[in-house]
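We use all heavy atoms of the structure for the numbers below, so side chains are in, but hydrogens, waters and symmetry mates are not. This one's a predicted model, so the numbers in the text were calculated from it and none came from an experiment. Numbered from 1 within each chain, the chains take letters A, B, ... in sequence-line order.
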Protein chains: 2
Amino acid sequence: MPETPEIQLSDTSLTFAKGLAVLKCFDATSVTLTIPEIARRCDLDRAVARRLVLTLVRLGYVRQRGRSYSLSPRILVLAGGFLQGRRFGLAVQPVLEGFATQLGQPLMLAMRDGFDAIYVAHAGSEGVMPRLGFTVGSRLPLLSTSLGRALLTVEEPATRAALIAEAPLTAWTERSVTDRGRLAQLIGAVPAGTPVRASGEFEPGVTATSLGFRCDGGELAAIGHSSESALYTEPGFPEQVEATLQKCAAALRGLL
Amino acid sequence: MPETPEIQLSDTSLTFAKGLAVLKCFDATSVTLTIPEIARRCDLDRAVARRLVLTLVRLGYVRQRGRSYSLSPRILVLAGGFLQGRRFGLAVQPVLEGFATQLGQPLMLAMRDGFDAIYVAHAGSEGVMPRLGFTVGSRLPLLSTSLGRALLTVEEPATRAALIAEAPLTAWTERSVTDRGRLAQLIGAVPAGTPVRASGEFEPGVTATSLGFRCDGGELAAIGHSSESALYTEPGFPEQVEATLQKCAAALRGLL
DNA sequence: AATTTTTTGTGCGATTATCGCACGTTGCAG
DNA sequence: CTGCAACGTGCGATAATCGCACAAAAAATT
């Protein structure tokens, strides 16, 4: 199990949970939804879904256009609470930008959330974003990306093993590693702070190197670099990337 | 009134609204909160606050560390639904990046949310972000920034007047315009598509130019540029900025 | 260090907000 | 124009929520 909710069963608010499910069902593929659609997706009665959606409308998180509903930019304010509270704008982003321009290559930062790695920041994004369409909040598969695997290397051994055993394992390309045993070999026992490389497993022709690190506050994160695989054949390039990642991790360790 | 919720009173879920208030009270200045603090901020009974927070913990939106609670990265997934749904990663960001590098200057994109302008994207952020600490989801005052005022210029005249009359008006610097009458002169009657400039009103020594636009889908947005005021004395620079903003707005109009 | 005072965590019954059925309506297709 | 299906919404029964009261912990005071 990824999180340890310590089994707090029924002193949680059911209505609130349903409401959050409604909010969550506005995802990347569902820009606008009608009330019946929402009810079906969340397995709610139409009347219930209606009341919850109207609550979101009244509070400004959702906009109504005729009979269809869509998220309003206000949802970003919630994310802003997280980002600004941890000083992503003031402290993290500048560090990332600095090392990205020094390396001349994009860098990205991710944190784990359950079975996913979540994109939390990036710098020098000219190359990577248009191709993959990543934004803040994008979810990456934990086991099929170097960022995700790097996050695993700093996890407690028990958690690491559990995640390798249970996290979804999809074949994205023909080079994807789909054998959990092989994954355990790759990242099951490496010491924390080992750079992780993946070539063409998630996206053909793209190689990525990532480094997980444990922050002073205890938070886990991973920084990564992604570029065309060809670049990695240039002498010294992999070493340069890894050195930058190490320095960047060291700089970020105290900030989060 | 900014939004028109059309007075849907009591077919909204009270519990859900309270839960969202709890989620919202984790803002930039409150990274970690205890249950009693949350209860006080949201004016809730401690037991109620507890149940709502534990719900957030169980669903993974909040992390518990001893007696204090803080947002988890999962909150970004909600924002990701908005960002990816509108193709910010795939379509919007590349356009922004393109024009930003062409101009050699940072560009930023904002949308209105009530009395605030909300930062939704930026490109070429080396200069502006470290200084102001803006992130996706940052809230800017509508009347005191060029981005905010540009958003007003594309609003319906009635809404525009209402916002000029009612939106908060804080003096950020000594150059801030704090007279609503003067603001009405500046932006109350200009035609949609007029660039808006502000010099040192929000931040001393910084001049910003912004342009509001109405997208094909009806969404309102504004793109802006911000730089040291000195740059604007170079001949041709203001014109170059405005031309870029116009082209960028035209390119974005069909995307949102 | 011991005691007082304040603050916090949580069980339980009354009450109230919520659920989901039912009906009336709207949009769509034949 | 008619029939059908999907949708929006009032209302009573019911179950989830509220907030009090108590216990425990922490903090402040003596």
Side-chain angles (χ1 to χ4, degrees), chain A residues 3-27 29-72, chain B residues 3-27 29-72 217-218:
Chain A
E3 325 295 342
T4 316
E6 295 154 13
I7 338 167
Q8 308 117 306
L9 53 162
S10 55
D11 42 16
T12 69
S13 167
L14 199 50
T15 305
F16 187 27
K18 289 178 187 171
L20 287 171
V22 169
L23 202 53
K24 191 180 190 168
C25 82
F26 289 91
D27 62 0
T29 59
S30 318
V31 196
T32 65
L33 293 169
T34 67
I35 285 177
E37 282 171 347
I38 294 168
R40 262 168 286 168
R41 279 176 186 250
C42 304
D43 196 39
L44 296 173
D45 188 88
R46 287 208 314 280
V48 175
R50 175 175 169 266
R51 189 140 3 91
L52 295 171
V53 172
L54 289 182
T55 305
L56 287 169
V57 172
R58 194 175 62 86
L59 296 177
Y61 292 103
V62 163
R63 272 187 198 160
Q64 179 170 9
R65 182 177 282 243
R67 349 189 117 164
S68 60
Y69 299 83
S70 59
L71 286 180
S72 93
Chain B
E3 324 296 341
T4 315
E6 295 155 14
I7 340 170
Q8 309 119 293
L9 50 163
S10 54
D11 43 15
T12 69
S13 167
L14 199 50
T15 304
F16 187 27
K18 288 177 188 173
L20 287 171
V22 169
L23 202 53
K24 191 181 189 168
C25 83
F26 288 91
D27 61 1
T29 58
S30 316
V31 197
T32 65
L33 293 169
T34 68
I35 285 177
E37 281 171 347
I38 294 167
R40 263 167 285 172
R41 279 176 187 250
C42 304
D43 197 39
L44 297 172
D45 187 88
R46 287 207 316 280
V48 175
R50 176 173 169 267
R51 186 133 11 88
L52 295 171
V53 172
L54 289 183
T55 305
L56 288 169
V57 172
R58 194 175 63 87
L59 297 177
Y61 293 102
V62 164
R63 272 187 199 161
Q64 179 171 9
R65 183 177 283 243
R67 342 189 123 163
S68 59
Y69 299 83
S70 59
L71 286 179
S72 93

Closest to side chain of B:Leu14, choosing from C:dA17, C:dC19, D:dT9: C:dA17
Residue pair B:Ile38 / B:Val53: nearest heavy atoms and the distance that separates them: CD1-CG2, 3.5 Å
Proximal nucleotide (of C:dT10, D:dG19, D:dG8) relative to the B:Arg50 side chain: C:dT10
Value in whole Å for how far the P atom of D:dT14 lies from CG of A:Asp45: 17 Å
For B:Leu20 against A:Phe16, the heavy-atom pair lying closest together: N-CE1, 3.8 Å
Between D:dC7 (P) and A:Leu54 (CG): distance, integer Å: 16 Å
Interatomic distance where CG belongs to A:Asp11 and C1' belongs to D:dG19 [whole Å]: 15 Å
Phosphate-side-chain proximity, B:Lys18 and D:dC18, N/O vs OP1/OP2 below 4.0 Å: yes
Nearest-angstrom distance from the residue atom CD of A:Glu37 to C1' of D:dA6: 12 Å
Nucleotide nearest A:Val48 (side chain, heavy atoms from C-beta), chosen from C:dC19, C:dT18, D:dG19: C:dC19
Side-chain donor/acceptor contact of B:Arg46 with base of C:dG9 under 3.5 Å: yes
Minimum-distance pair of heavy atoms, taken over all atoms of B:Ser68 and B:Thr32: CB-CB, 4.3 Å
Estimated bend of the helix from C:dA1-D:dT30 to C:dG30-D:dC1 (axis per five terminal pairs, rounded to 10 degrees): 50°
Smallest separation among heavy atoms of A:Arg46 and A:Ile35, with atom names: O-CG2, 3.8 Å
Proximal nucleotide (of C:dG20, C:dT18, C:dT10) relative to the A:Thr15 side chain: C:dT18
Protein-nucleotide distance (B:Arg51, atom CZ; D:dA16, atom C1'), rounded to Å: 9 Å
Sugar-phosphate only, base, or nothing, as touched by B:Thr34 at under 4.0 Å among non-hydrogen atoms: nothing
Distance, rounded to the nearest Å, where A:Ile38 contributes CD1 and D:dA6 contributes C1': 15 Å
d(CZ, A:Phe16; C1', C:dT18) in whole Å: 16 Å
side-chain N/O B:Arg67 vs D:dA25 OP1/OP2, d < 4.0 Å: no
B:Ile35 CD1 - D:dA25 P separation (whole Å): 16 Å
Heavy-atom side-chain contact between B:Arg41 and B:Ser30 under 4.5 Å: yes
Shortest non-hydrogen contact between B:Ser13 and A:Thr15, atoms and distance: OG-CG2, 3.2 Å
Shortest non-hydrogen separation from B:Ser72 to B:Gly60 and the atoms involved: OG-O, 2.6 Å
Per A:Ala47 side chain, nearest of listed nucleotides C:dG20, C:dT8, D:dC18: C:dG20
